[in-house]
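In the text below, chain A, chain B and the rest are named by the order of the sequence lines, each starting its count at 1. Scope of the values below: all heavy atoms of this structure, side chains included, with no hydrogens, waters or symmetry mates.
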Number of protein chains: 2
Amino acid sequence: MYERKIPLTIDCGLHLTREILNGKWKPALLNAISMDIKRPSEFVRMLPDATRRVLNVQLKELEEHGIIVKKIYPQLPPKVEYSLTDIGWSLMPIIDAMNVWGDKNREFLEKVIAQDPKTKKTSKSPCEVLRKVSETSHH
Amino acid sequence: MYERKIPLTIDCGLHLTREILNGKWKPALLNAISMDIKRPSEFVRMLPDATRRVLNVQLKELEEHGIIVKKIYPQLPPKVEYSLTDIGWSLMPIIDAMNVWGDKNREFLEKVIAQDPKTKKTSKSPCEVLRKVSETSHH
DNA sequence: CAGAATCCACCAGGATACTG
DNA sequence: CAGTATCCTGGTGGATTCTG
């Protein structure tokens, strides 16, 4: 059974963290950036089910919340790169834990979520896509 | 700088976990249940900004997803208690991490989130409320 | 005390098209 | 390649009322 190391008496922190991570693609974006996939075009390839617009919106929020930084290279064609701030990096253990937990329980979770009527099936599995991207993302 | 222990090449797990935790009050509910605050009336007291209905909805989803279990005592007045399943417990380190991270960065986060125009101020701080509840929750 | 039934407002997120 | 402007809809979550 799970043993709590720290006595948690309040959950404000929980709400704050939820607020920061609140957005359909934010965890995935953070995960991507931490893996050095940090250009908008790469995000789009990596998350085929998301729109450029939505990704931009969520990236902007993450930026405004101080989690990531946007660097614009004044070139033609334009080049943009995102990177994690210190606070952003400090968030990664949580993202990783979510990733690991989801992977570990994938079989079970896919079943219970699939049986959920309000779950819309996404056309493509993000898995293979991301795998491809990360192989080719650095030319 | 953050050193990644496990090479993460896919983020499906991330999506699954997000799906499970997707719901405004789910993390707080899980946190509460793990702290042995597990009766509907306690939830309502603990989260004054949430409606009974919404809490019920989210509890039901958590139950359908196999994260919690609902036990109904056939009495008058009715009594209901929720508890975490094994999978639910295995999720707690993540909830805790979120709680800790949010607490640690509270000052910063409150600032950046407050300056966010689309953040609606909640009337009461959940902190004091929860503190009160946990003091009195076991009669 | 627990919870179902309505009704509804709002906004996150998706589709599309256009500019630099 | 990057970003913005519209437009639209589905669903989340809130308010209220009513039962056992």
Taking the side chain as every heavy atom from C-beta outward, state whether A/Pro40 and A/Arg52 have any pair of such atoms under 4.5 Å apart.
yes

A/Met46 side chain near A/Glu42 side chain, heavy-atom distance below 4.5 Å
no

Among [options], which is the nearest nucleotide to the side chain of [X]?
X: A/Lys24; options: D/dG3, D/dG13, C/dG14; answer: C/dG14
X: B/Pro40; options: D/dT16, C/dA15, C/dG3; answer: C/dG3
X: B/Arg53; options: D/dG3, C/dA5, C/dG14; answer: C/dA5

Counting only side-chain N and O atoms of [X], is one of them less than 4.0 Å from OP1 or OP2 of [N]?
X: B/Ser41; N: C/dA2; value: yes
X: A/Gln75; N: D/dC1; value: no
X: B/Lys70; N: C/dG3; value: yes

Taking side-chain contact (heavy atoms from CB on, under 4.5 Å) as the test, write out the residues that go with B/Lys79, two or more places apart.
B/Arg39, B/Tyr73, B/Gln75, B/Glu81

Would you please classify the geometry between the A/Tyr82 ring and the A/Phe43 ring as parallel, tilted or perpendicular, with 30° and 60° separating the classes?
tilted

Taking for each residue the nucleotide of DNA chain C bearing the nearest heavy atom, is the 5' side occupied by A/Trp25 or by A/Leu76?
A/Trp25

Closest to the 5' end of DNA chain C, once A/Pro78 and A/Asn22 are matched to their nearest nucleotides, is A/Asn22

Just to verify, what does A/Glu63 make a salt bridge (Lys or Arg N to Asp or Glu O under 4.0 Å) with, not counting sequence neighbours?
none

On a heavy-atom basis, the closest approach of A/Leu62 and A/Ile20 is CD2-O, 4.1 Å

Students should find that the end-to-end axis angle of the helix from C/dC1-D/dG20 to C/dG20-D/dC1, with five pairs defining each axis and rounding to 10 degrees, is 40°

Separation of [X] atom [atom1] from [N] atom [atom2], in whole Å?
X: A/Leu55; N: D/dT4; atom1: CG; atom2: P; result: 13 Å
X: A/Leu47; N: C/dA15; atom1: CG; atom2: P; result: 14 Å
X: A/Gln58; N: C/dC11; atom1: CD; atom2: P; result: 16 Å

Under 4.0 Å, counting only non-hydrogen atoms across every strand here, what does B/Val80 touch: a base, just sugar-phosphate, or nothing?
sugar-phosphate

